[in-house]
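Presented below is the structure to which this report refers.
We use all heavy atoms of the structure for the numbers below, so side chains are in, but hydrogens, waters and symmetry mates are not.
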There are 2 protein chains.
Amino acid sequence: MAEKRKPRKSVSRLEITAAALQIIDNQGLEALSMRRLAEALSVFPTALYWYFPARNDILEAVAQHVMAGIAPASDLAWQPWLRTFAANLRAAIVRHPNVAPLIGGQLVSNAAGDLEVIEGLLGALSRAGLTGEELVQGYNMVMGALVGFVTQEFARPPEAADPSLRDRVTELARRADPLRHPLLTQNAEALLGRSFVLRWQNGQHQPMGKAYDRLIDSLIAGLEAGRP
Amino acid sequence: MAEKRKPRKSVSRLEITAAALQIIDNQGLEALSMRRLAEALSVFPTALYWYFPARNDILEAVAQHVMAGIAPASDLAWQPWLRTFAANLRAAIVRHPNVAPLIGGQLVSNAAGDLEVIEGLLGALSRAGLTGEELVQGYNMVMGALVGFVTQEFARPPEAADPSLRDRVTELARRADPLRHPLLTQNAEALLGRSFVLRWQNGQHQPMGKAYDRLIDSLIAGLEAGRP
DNA sequence: ACCTGAACACCGTTCAAGT
DNA sequence: ACCTGAACACCGTTCAAGT
């Protein structure tokens with residue numbers, strides 16, 4: 001390509017969102033700058049400001065796009081509804097792991113701003129027997145725990161597989177004293193690289209689906225115990 | 001041992017970390033630039049690179065500093081240990097809410113890189129009857145759910161109390177159709193501003209301690225149900 | 001309506017030089 | 001050992017101008 005400028009390119013909110021998602025998928029969240037995004041669209045950086053007031057609004061649109069359509073059918077019994085919702089939520093992040101920090105980290109794009117998700121979760125909890133104030137607390141418990149977990153599971157890695165993080169984590173574990181930290185010492189092999197604080201890769205390379213399933217079981221157990 | 005000539009401006013890792021935390025507390029996470037931090041310490045920006053290899057490492061030090069010492073005494077029964085740990089974790093974030101995105105969002109500073117926390121949690125779960133692979137999954141469940149929840153609760157607000165977010169959220173709720181979204185419509189008053197997706201302030205102004213308590217109850221219920 | 005183009009006020013980081 | 005100073009390669013955003 002000798003010429004990288006085309007005469008005049010037309011663009012749209014959806015095209016911008018899709019191009020932004022592609023950059024985030026391929027190069028990570030911090031690679032998305034207005035200038036690079038504009039170049040990918042063969043447009044001047046300032047043209048983007050006609051469609052979005054600021055970079056943050058593009059990120060919000062990306063987050064909503066990734067989270068769209070995760071609400072299960074509303075005729076499911078409440079336990080299967082919760083399990084399906086949890087699975088859909090995690091699957092959406094698995095498809096686009098680099099957007100994970102956007103979901104939980106920023107208030108604007110907190111979870112899916114989707115009426116079907118809200119109503120669906122309220123419906124499931126309502127079928128579980130919750131009403132009024134209990135319904136609100138149950139909603140926040142489930143949403144906070146599930147979105148929070150996957151956000152953490154797919155937390156942003158340092159920078160392109162930093163080998164020093166692995167060294168630092170193994171060094172941290174090596175400092176464990178068998179007398180003061182017996183369980184850590186005994187289970188070091190099973191924990192290293194596979195558990196929070198002691199890992200150097202995120203859920204893309206070390207998935208935590210089993211712990212996530214246990215969390216859903218616990219939430220359901222808690223809801224069953226809490227009803228009249 | 002170098003000769004101790006009186007330096008004009010001397011600084012240390014701890015001083016840098018403390019000054020960084022102060023800026024984050026007062027002006028928010030995005031206000032922390034190397035240049036501003038250096039100015040607060042009356043030093044040239046590049047001086048900081050003698051103590052930290054990069055900005056990210058300063059953020060990691062801040063996160064660890066905030067999370068230091070949250071492990072409860074290890075002689076507690078497992079349920080009180082979990083409740084105290086959860087309370088200490090949230091209290092640490094309440095003291096420094098602006099660092100919340102650092103805790104869950106970045107792999108390097110995922111939760112507290114603290115051996116006492118790891119050993120303590122393993123001990124509590126072990127006293128709850130978990131061993132081997134179950135112990136690892138339980139550890140990840142509790143850590144991911146609790147850290148994830150508070151990270152979400154104190155997610156970064158858009159920018160200095162953006163009033164348009166409030167408008168957008170109320171507008172979203174207004175679009176709820178009483179026929180298709182009956183529960184959302186009926187509970188709109190209780191949900192608006194107080195629940196995920198439908199709020200415009202984070203936990204600093206709208207705490208979600210009750211939902212957090214319910215989450216801990218559920219985790220304990222799940223652990224009790226899951227043991228032999 | 002939609003985009004270009006220049007400009008402003010910032011960034012993190014590297015490298016050489018000073019002491 | 002510890003800091004200054006200049007420089008590089010970037011940023012997001014504003015505003016005026018073009019069509």
Side-chain angles (χ1 to χ4, degrees), chain A residues 3-20 23-24 27-62 101-102 105-106 108-109 156-160 162 164, chain B residues 1-20 23-24 27-62 101-102 105-106 108-109 156-160 162 164:
Chain A
E3 273 298 313
K4 85 171 144 177
R5 219 182 98 196
K6 288 158 194 173
R8 179 168 255 234
K9 186 73 197 272
S10 175
V11 90
S12 69
R13 268 183 74 99
L14 190 63
E15 273 180 290
I16 293 172
T17 307
I23 291 175
I24 292 171
Q27 282 140 268
L29 202 53
E30 57 286 337
L32 184 85
S33 73
M34 299 300 273
R35 286 170 158 91
R36 278 198 248 201
L37 177 55
E39 204 193 10
L41 291 161
S42 302
V43 111
F44 277 59
T46 49
L48 304 173
Y49 286 85
W50 200 86
Y51 297 92
F52 291 92
R55 178 174 178 272
N56 242 292
D57 299 271
I58 299 181
L59 295 177
E60 188 187 348
V62 168
L102 290 181
Q106 305 219 134
V108 281
S109 54
R156 155 194 307 173
E159 74 254 11
D162 185 354
S164 81
Chain B
M1 283 298 265
E3 76 267 66
K4 280 294 169 191
R5 297 196 327 126
K6 186 178 158 193
R8 301 197 150 201
K9 278 297 166 188
S10 178
V11 91
S12 68
R13 269 183 73 99
L14 189 63
E15 274 181 288
I16 293 172
T17 307
I23 292 175
I24 292 171
Q27 281 139 264
L29 201 53
E30 56 286 337
L32 184 84
S33 73
M34 299 301 273
R35 285 170 158 90
R36 278 198 248 200
L37 177 55
E39 205 193 10
L41 290 160
S42 303
V43 111
F44 276 59
T46 49
L48 304 173
Y49 287 85
W50 200 87
Y51 297 92
F52 291 93
R55 178 174 180 272
N56 241 292
D57 299 271
I58 298 180
L59 296 177
E60 188 188 346
V62 169
L102 289 182
Q106 305 219 132
V108 280
S109 54
R156 155 194 307 174
E159 75 251 10
D162 185 355
S164 81

For nucleotides 11-15 of chain C, which of its nitrogen or oxygen atoms have a protein nitrogen or oxygen under 3.5 Å away, and what is each distance?
unit_1: dC11(C); atom_1: OP1; unit_2: Ser33(B); atom_2: OG; d: 3.2
unit_1: dC11(C); atom_1: OP1; unit_2: Arg36(B); atom_2: NE; d: 3.2
unit_1: dC11(C); atom_1: N4; unit_2: Arg35(B); atom_2: NH2; d: 3.4
unit_1: dG12(C); atom_1: OP1; unit_2: Met34(B); atom_2: N; d: 3.3
unit_1: dG12(C); atom_1: OP1; unit_2: Arg55(B); atom_2: NE; d: 3.3
unit_1: dG12(C); atom_1: OP2; unit_2: Met34(B); atom_2: N; d: 2.9
unit_1: dG12(C); atom_1: N7; unit_2: Arg35(B); atom_2: NH1; d: 2.5
unit_1: dG12(C); atom_1: O6; unit_2: Arg35(B); atom_2: NH2; d: 3.0
unit_1: dT13(C); atom_1: OP2; unit_2: Tyr49(B); atom_2: OH; d: 3.0
unit_1: dT13(C); atom_1: OP2; unit_2: Arg55(B); atom_2: N; d: 2.8
unit_1: dT13(C); atom_1: O5'; unit_2: Tyr49(B); atom_2: OH; d: 3.4

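Looking at residues two or more places apart in sequence or on another chain, you find a side chain to side chain contact (heavy atoms under 4.5 Å, CB included) between Tyr51(A) and Val11(A), Arg13(A), Ile16(A). Residues meeting the side chain to side chain contact (heavy atoms under 4.5 Å, CB included) test with Ser33(A), sequence neighbours left out: Arg35(A), Arg36(A). Residues passing the side chain to side chain contact (heavy atoms under 4.5 Å, CB included) test with Leu14(B) are Ser12(B), sequence neighbours excluded. Residues passing the side chain to side chain contact (heavy atoms under 4.5 Å, CB included) test with Ala61(B) are Thr17(B), Phe52(B), sequence neighbours excluded.
The backbone N or O of Gly28(B) lies less than 3.5 Å from no partner atom in the side chain of Arg156(B), so there is not a single donor-acceptor pair.
The distance from the CD atom of Glu30(A) to the CD1 atom of Ile23(A) is 12.0 Å, given to the nearest 0.5 Å.
Taking atom CZ on Phe44(A) and atom P on dT19(D), their separation rounds to 13 Å, with Å as the unit. In this structure, Ile16(A) atom CD1 and dC3(C) atom C1' are separated by 12 Å, rounded to whole Å. One atom, CD of Gln27(A), and another, C1' of dC10(D), lie 15 Å apart when rounded to the nearest Å.
Dashed line: the shortest gap from a side-chain N or O of Tyr51(B) to OP1 or OP2 of dC3(D) is under 4.0 Å.
Stem analysis of DNA chain D (Watson-Crick or G-U pairs, both distances under 3.5 Å, runs of at least three) returns C:4-8 with D:12-16, C:12-16 with D:4-8.
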